[in-house]
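What you are looking at is a predicted structure, and each value in this text was computed from that prediction instead of being measured. Order of the sequence lines sets the chain letters (A, B, ...), proteins ahead of strands, with each chain counted from 1.
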Amino acid sequence: MEAQSTSLNYLPIIFQLLVALGFVVFTMTLTHLIGPKRKTADKLVAFESGIKSIGNARQPFSIKYFLVAILFVLFDVEVIFMYPWAVNFREFGLNGLIEMFIFMGTLLLGFIYIIKKRALDWD
Amino acid sequence: MSTTIYYILMIAILLFVLTTIAAWLIWLERRVLALWQDRYGPNRAGPFGLFIVVADTIKLFFKEDWIPPFADKFIFVIAPAIVAAAVLMSFVVVPFAPGIVVADLNIGLLFFLAMSSLGVYSIVLGGWASNNKYSLLGALRGASQMISYEVFMGLSLMGVVMLSGSFRLTDIVLAQQDYWFIVTQPVGFVIFLIAGVAETHRLPFDIPEAESELVAGFHSEYSGMKFGMFFIGEYLGVILISSMVVTLFFGGWLGPSFLPGVVWFFLKTFVFILFFILLRASLPRPRYDQLMEYGWKVLLPLALLNLLITGAVVLVMKE
């Protein structure tokens, strides 16, 4: 068994977070302060390839993107179950492997179902 | 106390080295692309055009920091910050050489996966907050591309985890002393590489920003240093994916002892960075639906199969 990470191991991550945020905030604030500020009429409207922009982007979009997001949630949760199994599977041995076969079988059934339902086809 | 100073020193060096490499990588990419396409590339400022990076950086700093009046201002500003910060965070767990790692977590691989998936927020938020139709399309495509490829990105690495029995990246490197995991995990390697290209939305999978149709997609409305943050994030992402490929499949710092481990690590990483650029130079961009279909219907089942076969083989070998 490997040793548990103590809270001290996570200290550098907090440092790194502070440094990364500091770097980003510093550069973005600096350029905000030293850059010029000019408001011309063309900059005040959204870019639409040079033609007059019509309306704004707060419009309905294809439901397919939402479907992909739902499928991602489903599959990612199922995939996450495999992570702890993968790291410990030597202890679980053959039984664990058979159980994982069954689990993936049910996963595969769902997968075949969404393919049959044409949820992954973009027409 | 001394360990705290050590951490701070490590992090400072890491930040400096990474941003420097990312900046010169832009020069390298333009030069190497030019070489492969029979052009000159930037060759005026300084020797081999090296100082173009300095000129670009100064120019970026003095550009107008433009926030469009039609945008969601707060979200518009934090979106580029998320990507740069998240990628910098991921480097915490990368072992450059024995002892040269900021945080040797026992869940290092999971930390990497978690941080790399944060990048999708910057695309969605940036594209949405821009309130531009091109940006919205780019953001939606980018989001569905990244979340789709994320599913089996982690899955493709589980073969490596099974062979080494640990999420700790130094353990994974040390488990490759006899042979590199590319030998036993070629399928996992290919899947991870493809997913990595898609996660960093580099060409040929740059569908969220597809210049020829979406005019830079999710960052159409960005300029100045906020655009620079997306840019730095992208190049840091290339370095990150390359160094993870090296760590997980090509033995990390391991190599013949006439060179120190860090040098081996950077040499191997450099090869994969060049490979990323070669991909950009040689491949056309697939259509969005082709990309999604390929991911879900080919790579996901392949990753599952790879996992099961690896498990079965390891158990048989153990008997």
Checklist entry - At a heavy-atom separation under 4.5 Å, does A:L30 approach chain B through its side chain, its backbone, both, or neither? => result side chain
Checklist entry - Under 3.5 Å, side chain of A:Q16 to main-chain N/O of B:L88, donor-acceptor pair present? => result yes
Item to check | B:K133, part contacting chain A, at a heavy-atom distance under 4.5 Å | outcome: both
Next on the checklist: I need the residue from A:L21, A:D76, A:I13 with the largest number of non-hydrogen atom pairs under 4.5 Å to chain B.
Outcome noted: A:I13
Item to check | B:K59, NZ: over 12 other non-hydrogen atoms inside 6.0 angstrom | outcome: no
Item to check | Engaged part of B:A139 at the chain A interface, taking heavy atoms whose separation is under 4.5 Å | outcome: neither
Checklist entry - So how far is it from B:L15 CG to A:F23 CZ, rounded to the nearest 0.5 Å? => result 6.0 Å
Checklist outcome for this item: So, the part of B:L155 with a heavy atom under 4.5 Å from chain A: the answer is both
Checklist entry - Is it the case that more than 12 heavy atoms not belonging to B:F74 sit under 6.0 Å from its CZ atom? => result no
Checklist entry - For B:A303, is it the side chain, the backbone, both, or neither that has a heavy atom closer than 4.5 Å to a heavy atom of chain A? => result neither
Next on the checklist: Testing the basics here: between A:V24 and B:A84, what is the closest heavy-atom pair and its distance to 0.1 Å?
Outcome noted: CG2-CB, 3.8 Å
Item to check | Contact summary for A:H32 and B:D65, nearest pair of heavy atoms | outcome: ND1-OD2, 2.6 Å
Checklist entry - If you count heavy-atom pairs under 4.5 Å between each of B:D289, B:N132, B:V77 and chain A, which one has the most? => result B:N132
Item to check | Which portion of B:F62 sits near chain A, non-hydrogen atoms under 4.5 angstrom | outcome: both
Checklist entry - Is any side-chain heavy atom of A:V68 closer than 4.5 Å to a side-chain heavy atom of B:I147? => result yes
Item to check | Atom CZ of B:F70: over 12 foreign heavy atoms under 6.0 Å | outcome: yes
Item to check | Residue among B:L60, B:V92, B:V161, B:L308 with most heavy-atom pairs under 4.5 Å to chain A | outcome: B:L308
Checklist entry - Do A:L71 and B:W296 pass the side-chain contact (heavy atoms from CB on, under 4.5 Å) test, and can you show the C-alpha distance, the side-chain angles, and the key distance before you say yes or no? => result CA-CA 10 Å; A:L71 290 179; B:W296 282 101; 3.9 Å; yes
Checklist outcome for this item: Pair count under 4.5 Å, heavy atoms only, with chain A: among B:M229, B:R287, B:E293, highest is B:M229
Next on the checklist: Which atoms of B:L14 are under 4.5 Å from chain A, going by heavy atoms: the side chain, the backbone, both sets, or neither?
Outcome noted: side chain
Checklist entry - Under a 4.5 Å heavy-atom cut-off, does chain A meet the side chain of B:L136, its backbone, both or neither? => result side chain
Checklist entry - Taking all atoms of both residues into account, what is the closest heavy-atom pair of B:L307 and A:M104, and its distance? => result CD2-CE, 3.5 Å
Checklist entry - Measuring heavy-atom distances to chain A, does B:T19 have an atom under 4.5 Å in its side chain, in its backbone, in both, or in neither? => result side chain
Next on the checklist: Test side-chain contact (heavy atoms from CB on, under 4.5 Å) on B:M158 and A:V79; report intermediate values, then the result.
Outcome noted: CA-CA 10 Å; B:M158 286 312 124; A:V79 161; over 6 Å; no
Next on the checklist: Quick one, A:L107 with B:L304, criterion side-chain contact (heavy atoms from CB on, under 4.5 Å). Give me CA distance, side-chain angles, the key distance, then yes/no.
Outcome noted: CA-CA 10 Å; A:L107 186 76; B:L304 284 170; 3.8 Å; yes
Checklist entry - Checking heavy atoms, do the side chain of B:L113, its backbone, both or neither come under 4.5 Å from chain A? => result side chain
Checklist entry - Using the ring of each side chain (for Trp, its six-membered ring), is B:Y288 parallel, tilted or perpendicular to A:Y65, with breaks at 30° and 60°? => result tilted
Checklist entry - Do you know which of A:F75, A:F89, A:W85 has the most heavy-atom pairs with chain B at a distance under 4.5 angstrom? => result A:F89
Next on the checklist: Under a 3.5 Å distance rule, please check whether A:R90 uses its side chain to pair with a backbone N or O of B:M162 as donor and acceptor.
Outcome noted: yes
Checklist entry - If you count heavy-atom pairs under 4.5 Å with chain A, which of B:F111, B:W66, B:F91 comes out on top? => result B:W66
Checklist entry - Out of B:P68, B:G154, B:A143, B:S164, which one racks up the most heavy-atom pairs below 4.5 Å with chain A? => result B:G154
Checklist entry - B:F152 versus chain A, heavy atoms under 4.5 Å apart: side chain, backbone, both or neither? => result neither
Next on the checklist: Which atoms of B:W128 are under 4.5 Å from chain A, going by heavy atoms: the side chain, the backbone, both sets, or neither?
Outcome noted: both
Next on the checklist: With a 4.5 angstrom heavy-atom cut-off, is it the side chain or the backbone of B:F61 that approaches chain A, or both, or neither?
Outcome noted: both
Item to check | Rounded distance (nearest 0.5 Å) linking atom CZ of A:F66 with atom OG of B:S144 | outcome: 13.0 Å
Next on the checklist: Please report the interatomic distance CD1(A:I34) to CD(B:E64), rounded to the nearest 0.5 Å.
Outcome noted: 13.0 Å
Checklist entry - Between atom OG1 of A:T31 and atom NZ of B:K226, what is the distance when rounded to the nearest 0.5 Å? => result 7.0 Å
Item to check | Which atoms of B:V93 approach chain A - backbone, side chain, both or neither, heavy atom under 4.5 Å | outcome: neither
